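As the structure is a computational prediction, the values presented were derived from the model and not from experiment. Letters go in sequence order (proteins before strands), and every chain restarts at 1.
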Amino acid sequence: MTEPVLLVENLRKYFEIGKRQILKAVDDVSFTVARGEVLGIVGESGCGKTTLGRTVARLYKPTSGKIVFDSEDTTNKSDAELLGFRKKLQMIFQDPYASLDPRMTAGEIIAEPIDVHTLARGSERTERINYLLNLVGLNPEHANRFPHEFSGGQRQRIGIARALAVDPEFIIADEPISSLDVSIQAQIVNLLTRLQEERGLSFMFIAHDLSMVRHFSHRVAVMYLGKIVEIAPSGKMHASPLHPYTKALMSANPIPDPVVENSRTRIALPGEVPSPIDPPPGCRFAERCPHAHDRCREEEPVLKEAETGHRVSCFLY
Amino acid sequence: MERMEHTTTNKEFNQALTPGKPGKPVKPAETLLSIEDLHVSFHTYAGEVRAVRGVTYSVEQGGSLAVVGESGCGKTVTVQTVMGLTPIPPGYIKGGKVIFNGQDLLQLSEKQMQSIRGKDMGMIFQDPMTGLNPTMTVGRQIAETVQRHQNVSRGEAMERAVEMLSLVEIPNPRVRANQYPHQFSGGMRQRAMIAMALACEPLLLIADEPTTSLDVTIQSQILDLLQNLQERLGMTILLISHNLGVVARLSKSIVVMYAGKVVETGSSSDIFYNAAHPYTRALLRSVPRMDREIRGELASIPGTPPDLFQPPEGCAFAPRCKYAMKVCTKCDAQPIKLGDNHYVSCWLHHEANPNNPFENKSENGGRNSD
Ligand SMILES: Nc1ncnc2c1ncn2[C@@H]1O[C@H](COP(=O)(O)OP(=O)(O)O)[C@@H](O)[C@H]1O
Ligand SMILES: Nc1ncnc2c1ncn2[C@@H]1O[C@H](COP(=O)(O)OP(=O)(O)O)[C@@H](O)[C@H]1O
Ligand code: SF4
Ligand SMILES: [Mg+2]
Ligand SMILES: [Mg+2]
């Protein structure tokens, strides 16, 4: 197998909050992303998806662990040293309203990374902006308009155009469709799929909509309280999930088909996700897990291969 | 695959529902709520926003009806008007009727509406904080709602509040009753709001995107709760949701709205397996399914919904519709009956149209496949 474009090993990102309390937002996470692969990251709010994405993108400094991107160890690089890395890896954010500067025109927003990386000037720069607008389904007239003049879906297209401006290899998309309407979500996911396939882009696709993740991702990682609890090819994850949390998560996700929906047996999880400040010892899911036994409350399970390409962190396997 | 049985307990329901409690007198009429040709607009600096443009739908006694449609299509304004909560001004009701339990609510004074809100009609919102007072304990708030509508003492009302919190499966209800909303998690707040909405045993529960801000496992808990209330109490639920999965799980009949109008109504199976409006069909096909593997193109709808300052003259969906004909851009289609409770407003189904692309649509075994 060729070398993965991204390798993450034992990554931790802790936040110090209040009086020497530590919040373990991402805690010992390891995975790889192959070139041209889409890795979906799912899990409920607060499980560490955004922190993971931002740490991999080196918007945050890792607490410990290792990030290797394109054979280059970026874990401890300074901002100045990361300039080349930032050209290859771009982010798309959830909220197209908050992530675009309201005082800049769409053209200026898209041009910013072009200028930072001095990729084009003058008429070549204009051409590039127009090309990008077309690429994401907008047109050159849109360049002079401000974010508030666009709909939510159009704003997300501007965010995508900006990310593509530097011709990246890798995109981390953090909930890029969560704030959009259903019919607009489909437009954006279709756009991302087309771009991914045409350009062989690699993705970390962070979302809480399991169906969209299944649709767009080749592989899926499920997070719970700062940890990856299961990682598997998308089809396998959905057809035969192993981790009790993944099973519950899948069964809770409603399917838009009343006959299917009303004949499903659901796993009702008691309680809610505990705080990542003082995570319980042992398996972090134990207090809600229908299969928890003594060992789960004492010892921490590690992610290990249960079937080829399918890793799970649970003592049942 | 190994699966756990459903574990939600229902004993609280039986306890809270003291069998001797007399039900409220309900007119024998089967329809509990009927919205008729409702028009609501807002005056803004930019002009008149025609938010609701002739909406008609009804909810049967004991029924569960869902209203679906994209954001801004008028779902919330419609039910706000039903509750008498539309801010006037800038809003104004241009016409129509809201018949609830035999009377037209639009003819009532604010004072009369106050006695209906919270008593005969309960409402829960997407953001539970908008329905809860942050400066008052949760128990006290529920108790006050009870005291406002029922002739009970402060102590009895508080007892009722604790009973309600346990009905909605909040652990340690007595302790929780003395806490403030900020001490509750999102899921618990939503439960508290349901408890408050149900405290006076309303005839109708209006739930506007009740699970949209919640995580999927918590959403599932709340849907279980609503389903239980429906089955055990015979509660009539009017649900607003943009999540078709949630609607499939909870509702027996469906209203599809687009740009301030109803475009299709029917039973859940009419809508999910026999949708007749191009918008409904496209909407259904634009959501991927967790239980199906298809990478590739999702059926997206090009463009965006129209501006409600200047809604199009004809069918509002025409600019995005791949079947649009000349007539569609000129005049709006009136509801056409397709089945018992199945109506669609679309020219394709007009008897004078010789080429209805969806004819014999039931033959494709359900799932829409145009
Ligand atoms: N900058 C920060 N400072 C302190 N805590 C944070 C910070 N960012 C995130 N957290 C906490 O880390 C945990 C994970 O958050 P996040 O990565 O945003 O999760 P997700 O994206 O899965 O919802 C949460 O408990 C959150 O409150
Ligand atoms: N207070 C208000 N002032 C002006 N316009 C409003 C007001 N409330 C709602 N609207 C407009 O009415 C339309 C319908 O809104 P709403 O019923 O909230 O949509 P939905 O619930 O379907 O998302 C939207 O165009 C919205 O902008
Ligand atoms: S009336 Fe015409 S434009 Fe509207 S949905 Fe039907 S076919 Fe399409
Ligand atoms: Mg996040
Ligand atoms: Mg709404």
(request) Please flag which part of A/Val259 lies under 4.5 Å from any non-hydrogen atom of chain B: side chain, backbone, both or neither. (result) both
(request) Return the set of residues passing salt bridge (charged side-chain N to carboxylate O under 4.0 Å, His left out) with B/Arg191 (not counting sequence neighbours), or none when no residue passes. (result) B/Glu169
(message) Given heavy-atom pairs under 4.5 angstrom as the criterion, report whether the side chain, backbone, both or neither of B/Gln219 touches chain A.
(response) side chain
(request) Could you check whether the rings of A/Phe150 and A/His142 sit parallel, tilted or perpendicular, using 30° and 60° as the cut-offs? (result) tilted
(request) With a 4.5 angstrom heavy-atom cut-off, could you sort out which part of A/Val182 is near chain B: side chain, backbone, both or neither? (result) both
(message) B/Val67 and side chain to side chain contact (heavy atoms under 4.5 Å, CB included): which single residue from B/Leu238, B/Thr265, B/Val262, B/Val247 fits?
(response) B/Leu238
(request) Could I get the full list of salt bridge (charged side-chain N to carboxylate O under 4.0 Å, His left out) partners for A/Glu198, not counting sequence neighbours? (result) A/Arg194
(request) Select, from B/Ser220, B/Gly72, B/Pro305, B/Gly186, the one with the greatest count of heavy-atom pairs under 4.5 Å involving chain A. (result) B/Ser220
(request) Identify which part of A/Asn262 has an atom lying under 4.5 Å from any heavy atom of chain B, answering side chain, backbone, both or neither. (result) side chain
(request) Please state whether the side chain, the backbone, both or neither of B/Pro171 comes within less than 4.5 Å of a heavy atom of chain A. (result) neither
(request) Can you spot which of A/Ile171, A/Leu135, A/Leu138, A/Ile92 makes a side chain to side chain contact (heavy atoms under 4.5 Å, CB included) with A/Ile160? (result) A/Ile92
